[in-house]
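The structure appears below as structure tokens.
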2 protein chains.
Amino acid sequence: MGYSIGQAAEKMGLTAHTLRYYDKEGLLPFVRKTSSGLRVFSDADLEWLAIVECLKGTGLQIKDIKQYIDWCQEGNATLQQRLDMFKRQKEKLKKEMEKLQQHMEKINFKIAYYEDAVAHGDTNVFDRNAKLVMEKERIFGKKIKKQAV
Amino acid sequence: MGYSIGQAAEKMGLTAHTLRYYDKEGLLPFVRKTSSGLRVFSDADLEWLAIVECLKGTGLQIKDIKQYIDWCQEGNATLQQRLDMFKRQKEKLKKEMEKLQQHMEKINFKIAYYEDAVAHGDTNVFDRNAKLVMEKERIFGKKIKKQAV
DNA sequence: TCTTGACTTAAAGTTAACTCTAAATTGTAT
DNA sequence: ATACAATTTAGAGTTAACTTTAAGTCAAGA
């Protein structure tokens with residue numbers, strides 16, 4: 001019913017080193033130890049770890065996650081702080097998702113551009129994208145012409 | 001028609017220090033200098049910088065962006081590499097966006113949970129979310145009860 | 001001309017999040 | 001019983017991406 005640090009690491013896609021590091025940073029105040037000092041992770045511990053990973057994935061730093069755990073341990077007096085924190089994270093996450101969407105559009109343009117360039121041996125790039133090529137000539141020198149950017 | 005490093009930094013939302021760092025790392029091989037050594041950024045340079053920022057924003061490391069710039073300078077022989085690179089980035093970006101979407105759902109749940117807890121003074125948390133509270137009791141000790149997690 | 005603020009380079013310092021090492025201990029499979 | 005693999009700790013090392021410092025140079029206004 002309990003997992004060793006190695007098993008827990010495998011389940012979470014992390015390393016045992018990383019789990020010990022998290023523990024040292026106060027992110028795992030709940031993990032039990034055997035009488036001889038070995039850590040024992042329960043399924044509930046892994047669920048908590050999943051929340052830690054979620055917070056980390058949305059851009060929270062480890063010290064901020066520690067703050068959240070501290071708030072949890074302080075009791076109901078910190079409910080509002082925790083709510084505010086999640087609201088801030090949500091706004092951050094929304095902006096990040098919008099940014100990634102814009103990046104995706106740029107990348108899609110690049111892929112279309114290069115697929116065409118590869119297919120046509122890049123022979124008519126100048127016609128298709130004169131602006132980019134002229135810019136490129138200025139940047140990399142006049143010798144390189146008709147080339148995708 | 002040209003910008004100083006400070007003006008360019010301001011336009012891009014970066015610092016002059018960062019632009020010099022990028023230059024040192026080979027990310028700005030196109031930026032001109034005056035006879036006395038001052039960098040001069042053109043509008044085209046800023047467009048290139050925007051592409052660099054896009055690549056950085058999708059998770060590319062600076063050395064990988066350098067690789068892309070090197071490929072651009074090598075000419076048409078590297079068209080396929082560049083296409084493959086953008087395709088890899090697109091896959092990475094897609095996975096990242098899916099992950100963020102899942103994080104967003106978790107955060108929305110947390111916000112709903114804490115808004116309710118704050119509104120009701122957390123008096124009936126045990127009824128609403130017995131599993132979480134029981135888990136919390138095990139983790140933080142029996143003394144703290146009826147508290148949001 | 002003088003001052004002041006922006007710029008230059010090279011190099012050292014910082015920060016976050018691991019990542020690894022060493023030396024000892026523990027658990028498990030023959 | 002004896003390997004051998006996994007675990008423990010403290011602490012050192014790594015990496016990426018800045019960030020700051022030092023010592024000087026350049027450019028524009030009074």
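A quick note: this is a predicted structure, and the numbers were derived from the prediction, not measured. Here is how names work: the chains are called A, B, and so on, in the same order as the sequence lines, proteins then strands, and each is numbered from 1.
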Inset, instruction - Please work out if B:Gln61 contacts a base, only the sugar-phosphate, or nothing of the nucleic acid, heavy-atom cut-off 4.0 Å. - result: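 Touches sugar-phosphate only.
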Inset, instruction - Would you check if the side chain of A:Gln81 reaches a backbone N or O of A:Trp71 as a donor-acceptor pair within less than 3.5 Å? - result: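 The answer is no, because no donor-acceptor pair under 3.5 Å joins these two groups.
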Inset, instruction - Spell out, as yes or no, whether a donor-acceptor pair under 3.5 Å connects the side chain of B:Glu25 to the backbone of B:Ile62. - result: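 Not a single qualifying donor-acceptor pair exists.
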Inset, instruction - Return the value, rounded to whole Å, for the distance between atom NZ of B:Lys33 and atom C1' of C:dT8. - result: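 My rounded result for the distance is 8 Å.
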Legend entry - A:Lys66 NZ to C:dA17 C1', straight-line distance once rounded to whole Å: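 One finds 17 Å between C1' of C:dA17 and NZ of A:Lys66, rounded.
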Inset, instruction - Treating Ile, Leu, Val, Met, Phe, Trp and Tyr as nodes and any side-chain heavy-atom pair under 4.5 angstrom as an edge, say whether B:Leu38 and B:Leu49 lie in one connected cluster. - result: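 Result: no, two separate clusters.
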Inset, instruction - Assign a letter to each nucleotide of nucleotides 18-30 of chain C from its 5' end: B, base within under 4.0 Å of a protein heavy atom; S, sugar-phosphate only; -, no contact. - result: BBBB----SS---
Pairs of donor and acceptor atoms involving the side chains of residues 90-99 of chain A, under 3.5 Å and at least two apart or interchain, shall be tabulated with distances.
| residue | atom | partner | partner atom | Å |
| --- | --- | --- | --- | --- |
| A:Lys90 | NZ | B:Asn108 | OD1 | 2.7 |
| A:Lys92 | NZ | A:Gly59 | O | 3.4 |

Legend entry - Salt-bridge criterion met for A:Arg88 and A:Asp84 (N-O under 4.0 Å):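 Between A:Asp84 and A:Arg88 there is no salt bridge, as every charged N stays at least 4.0 Å from the carboxylate O atoms.
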Legend entry - Note: A:Glu53-B:Lys106 ion pair, threshold 4.0 Å (strictly below):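 Not counted as a salt bridge, because no side-chain N and carboxylate O are separated by less than 4.0 Å.
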Inset, instruction - Evaluate the ring planes of B:Phe86 and A:Tyr114, with Trp represented by its six-membered ring, and classify them as parallel (under 30°), tilted (30 to 60°) or perpendicular (over 60°). - result: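 If you compare the ring of B:Phe86 with that of A:Tyr114, the planes turn out parallel.
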Inset, instruction - Return yes when atom CD of B:Glu10 has more than 12 non-hydrogen atoms of other residues, nucleotides or ligands closer than 6.0 Å, and no otherwise. - result: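 Incorrect, the count does not exceed 12.
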Inset, instruction - On DNA chain D, reading 5' to 3', which nucleotide is the first and which the last to sit with an atom under 4.0 Å from a heavy atom of chain B, could you check? - result: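 Contacts span D:dA16 to D:dA27, reading 5' to 3'.
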